[in-house]
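Letters A, B, ... mirror the listed sequences (proteins, then strands); counts begin at 1. Quick caveat: nothing in here was measured; it's all calculated off a predicted structure.
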Amino acid sequence: MKTMFDKTEQFPDKKLLLIILALLAFGWIMSSSASVGHFGDFSKTIKQGGFILVGISIGFFVLKLPLHLFKKYADYAFVLTLILLAIVLLPDPIGRTVNGSRRWINLVYFGFQPSEMMKLVMILFMAKFLVTQEKEVASSWIGLVKAAIIVGLAGLLIMLETDLGATVIITATALIMLFLAGSYIKQLFIIGSGLLTLVGVYVYFDPVRLYRLMSFWTNDLWGENGVLQTRQALIGIARGDWTGVGLGAGIQKYSRLPEPHTDMIFAITGEELGIMGMLFILFAFVYALNRGFNIAAQALTDGRKYSYYVAYGICTWFALQISVNIAMNIGLFPIKGYTLPLISYGGSSMIFSIIALALLLRIDMENKTNYKKRKHYV
Amino acid sequence: MKDKLKALFKFSGRTQHYSRRQTLIKSLFFALMFFFAYRAVAIHTLSAGKVNIQERASKQASTVSNFKAHRGDILDRNGAVLASNLILKKVNLDSTQIQSAFIAKLAEALMMPKQALQTAINKKLSKHAGRKNLVIRKNLRLTSPILENLKILKKVKLKICRAKRKKDKIAWLDKALIFVKLKTHKPTYSLVKTCRTERIRGVRLQTDTRRYYPKSASLAPLIGRINRNKKGISGIEGEFESALAGQDGVVYLNFNQDSQASYFNPVVHKSLKHGQDVQLTIDADIQFHAYAAVKKSVNKHNADSGSAIILKPNGEILAMVNYPADDPNDKTVYNVAHYRNRVLADKLDPGSTMKPFTMLLALDKKKITANEDELIDVTKRIGHIRPDKKYKQMTVKKILQKSHNLGTVNVAERLEKKELYDTWYKLGFGQPLGLIPSIENSGLLRYFSSWALSDKRSLSFGYGPMQANLAQLARAYLVFANEGAVPALKLINNVNAQSKITQVFSKTATHKIANLLDAVASQQGSGYRAQIKGYSVAGKTGTAEMVVNGRYNKKGAKRTFFAGFVPVKKPKYIMVVRLDYPKKCYTHYTPKLKISCEGSNSAAMVFKEAMENILSSDQSIKLLAKK
């Protein structure tokens, strides 16, 4: 047990911690505002408060855990998550369906979403894979095939839950991690082509879907076939102007925007707090992730590859998720189920986001710790 | 730099360019975020369709609610309604909603043939596709049986069957084959009939208002009327539009949480104010008697038009009559000339009716005594007025009785221009009355410095440098009821206009002339046809040449007047009558013998006819003791 609670004798990075907590508070307030408007009561506010508390508690615990533990148990975690993903597909009392998507495991008080867990576990597992099989990945095809199998397995299960968003995020994160691990561009190119071919086959059998996706950009948004929700998101933001109509005074959340407290939280912020609110979110994330990327780079210079992959993976995941969410909120991307980490309502996503950021902080603490203590660090 | 790029995209060899790859990913993300920041600001300048997106946003966030104000009533002095709003109902059908099974019953309820209703609905559906409002019945009184019928009809339930087009189902195997493109598929449809009991749909009863004038034509030129937008366009309706119409309420409402349709947080832009009632000093009964008399006379004497005004001694207008007039409730007729309020809008030469004032002034200035022993020589020509052979010397009484121009001018010769001007000015000639300013013609009184010698002479018998409307003339006659003073006229009862009383003549002089005017309306005077049995009547006839198209008419068009008051002592009613160009007048003694029209044989008769009826319903005036 000596290594279990390995003290780094360091504090977490104050600036990063502060910005994370600020975003959490901001998110809690905004998602409350949206959900109170949409549902008419405070149940979601209380629940989200609970999730944040649980998340922070777990995150605090995670801060105490050294990274090598994660590396050690990543395989088991991956298998466990795969099992959980399969459980989701079980019939109704166990699996839960919301809005036609089967993504949740019914835990009575809240639905647990294994695909959110997979986002983190995939990073932990992929990092281990990249460290242990570094040479294969960088030199031979076998590593690449193995990586493809790992990603494919998870992706398939999540696809079965009709959670295309999560699949794309996980696949993209894994690919970017492979890219960072130094795999040949040629190989990545081949994998990319393969994926594109798969998409092509899919489109061949179901051209309507592609057309529907493409029509988002080709149709006139304000014309007859414009997407109503995107239109309303933009109208809401336009209504906000520089300083917004005031917290809670937005109207788009009531019925015009779907899921205002999760997917469309950025547009709600734009309406209620204006451009100022939106820029706060954007630059807070830019600041936080910049620090995250720097932490990852620091871990690499210290030669701690696993920490490096994990930190980079987490930053990449966040970057992708944030980009896609904001893009669809400001009308650049069709509206799909992507949450905005730390801001949107949602238990699983919130808890795993906090855990991921705790890991990032832990890596930073390990970066700064005394050289003598680093012998176990990975 | 070139080497670095090459290294990044190298396709062979071991690559471990961690930092470069890191920087690439990081920079891509940051670039994206900065682009998003730009986009977040730029959204506000987008255009949503044809309008700016912000405009559209604010439009979407609020709605405007309108409330109609009720138009005020117009009342007479006793509270009788002269103009009011009728509440009517109209039946508005939504032709796209009505079930065909109900058409027979609906036609029955609307009391119309079924075929007619069916064709009306079909026409609406075919010709104006997309337009659904069909007003099938309007102007229904609240007592209309159709309303009762519809009430019953709305409770009736009928079995309605509808055929719906539905896609035929296909077997799962076919579905799979179609999915893998091994089979082509054309969806087939079939009609499915569903039945259920329903109530009638698409019948709406809407409330409508219509302006209604109970007194019909008798008050039409005074009251005026409203246009199709319910805005007053003439008369009292037009003049007091803002008070009568009130103010429609406009409220801006913000979006509400409960549904997209409801709004909250009202911001009152214009508060709803219902129209005020306007109470006139008019007495509807007196108005009716005067109207009936004028109408009868205009028709009998074949006059172009007739008007009259009746005043109370304190200046309140009891009646203001104009004929011809139309029934304002009949929307099919509209003749602008028939809505002309000639009493106020026409300026004219009052003619001989002004003679009493010349005499009054002379008496006041002690130029005459007006006694029986005072004789005025009428043998010498003055200006262009020649003596006649009938009279040589006349008393003032005789001059008034016979309405003698030369006699009047003789008296006027003793007066200064300034004296005449001042008196006429005090009587209110040439000054606005302020009753209905938009239509009023305030007449004319030229300043005395510009008078020629003949102007003073013609002024003394109602021509020359002075023209007046009928109300001004009537107001001047108030001196006989107010011991030489004239009060301001009043048409609106519920306004406390400060009443300004101007003393013009002395008390004794007015009494004296009033008694002389009594003699005018006697068997020997020109106003013999204005006598009313049992009452003492005083008055003065007048006949003036009419100006037609800017010059005195050569065919002898005349305007006849009668100005009178009753009773002579303490008068209660002052009435002035005017008839334009009466063409058929008859003698008193042989009613079928035609003579040229004068004030005595036309206007005086209107006075008598109207006053007889008015006096008979007024108990406060005592009948003269029988001689």
Novice: Relative to the ring of His261(A), is the ring of Phe39(A) parallel (under 30°), tilted (30 to 60°) or perpendicular (over 60°)?
Specialist: perpendicular
Novice: Specify which of Thr301(A), Ile281(A), Ile330(A) makes the most heavy-atom pairs with chain B at under 4.5 Å.
Specialist: Ile330(A)
Novice: Where on Ile275(A) is there a heavy atom nearer than 4.5 Å to chain B: the side chain, the backbone, both, or neither?
Specialist: side chain
Novice: Given a strict heavy-atom distance threshold of 4.5 Å, which part of Ala327(A) is in contact with chain B: side chain, backbone, both, or neither?
Specialist: both
Novice: Can you tell which part of Phe29(B) gets under 4.5 Å to a heavy atom of chain A, answering side chain, backbone, both or neither?
Specialist: side chain
Novice: So which residues of residues 192-206 of chain B are in contact with chain A at a heavy-atom cut-off of under 4.5 Å?
Specialist: none
Novice: Looking at residues at least two apart in the chain, or sitting in another chain, which of them share a ring pair (Phe, Tyr, Trp, His ring centres under 6.0 Å) with Phe30(B)?
Specialist: none
Novice: Give the intermediate values and the outcome of side-chain contact (heavy atoms from CB on, under 4.5 Å) for residues Ile295(A) and Leu16(A).
Specialist: CA-CA 11 Å; Ile295(A) 288 167; Leu16(A) 183 55; 3.8 Å; yes
Novice: Any idea which of Phe35(B), Phe36(B), Phe34(B) has the most non-hydrogen atom pairs under 4.5 angstrom with chain A?
Specialist: Phe36(B)
Novice: Working note: Phe280(A) + Phe26(A), criterion ring pair (Phe, Tyr, Trp, His ring centres under 6.0 Å); need CA distance, chi angles, decisive distance, verdict.
Specialist: CA-CA 10 Å; Phe280(A) 168 73; Phe26(A) 185 85; 4.9 Å; yes
Novice: Looking at Thr316(A), Asp241(A), Leu279(A), which makes the most heavy-atom pairs under 4.5 Å with chain B?
Specialist: Asp241(A)
Novice: Heavy-atom distances under 4.5 Å only: say whether Thr45(B) touches chain A with side chain, backbone, both or neither.
Specialist: neither
Novice: Tell me every residue that passes side-chain hydrogen bond (donor to acceptor under 3.5 Å, both in side chains) with Thr207(B), counting only those two or more places apart in sequence or in another chain.
Specialist: Lys89(B)
Novice: Is there a donor in the side chain of Gln298(A) and an acceptor in the side chain of Asn294(A), or the other way round, less than 3.5 Å apart?
Specialist: no
Novice: Would the distance check show the side chain of Asn325(A) and the main-chain N or O of Gln321(A) forming a donor-acceptor pair, the cut-off being under 3.5 Å?
Specialist: no
Novice: Sequence neighbours left out, what pairs pass side chain to side chain donor-acceptor pair (under 3.5 Å) with at least one residue falling in residues 266-287 of chain A?
Specialist: Ser33(A)-Glu272(A), Arg239(A)-Glu271(A), Lys253(A)-Glu272(A), Tyr287(A)-Arg291(A)
Novice: Checking Leu28(B) against chain A: side chain, backbone, both or neither under 4.5 Å from a heavy atom?
Specialist: neither
Novice: Relative to chain A, which of Asn52(B), Ile25(B), Leu46(B) shows the most heavy atom pairs under 4.5 Å?
Specialist: Ile25(B)
Novice: Please state whether the rings of Trp217(A) and Phe333(A) are parallel, tilted or perpendicular, taking 30° and 60° as the class boundaries.
Specialist: perpendicular
Novice: More than 12 heavy atoms of other residues, nucleotides or ligands under 6.0 Å from NZ of Lys44(A): yes or no?
Specialist: yes
Novice: Could you look at Asn329(A) and say if it's the side chain, the backbone, both or neither that has a heavy atom under 4.5 Å from chain B?
Specialist: neither
Novice: Let me know if Ile176(A) has heavy atoms under 4.5 Å from chain B in its side chain, its backbone, both or neither.
Specialist: side chain
Novice: Looking at Lys154(B), I want to see if its NZ is surrounded by more than 12 non-hydrogen atoms of other residues, nucleotides or ligands under 6.0 Å.
Specialist: yes
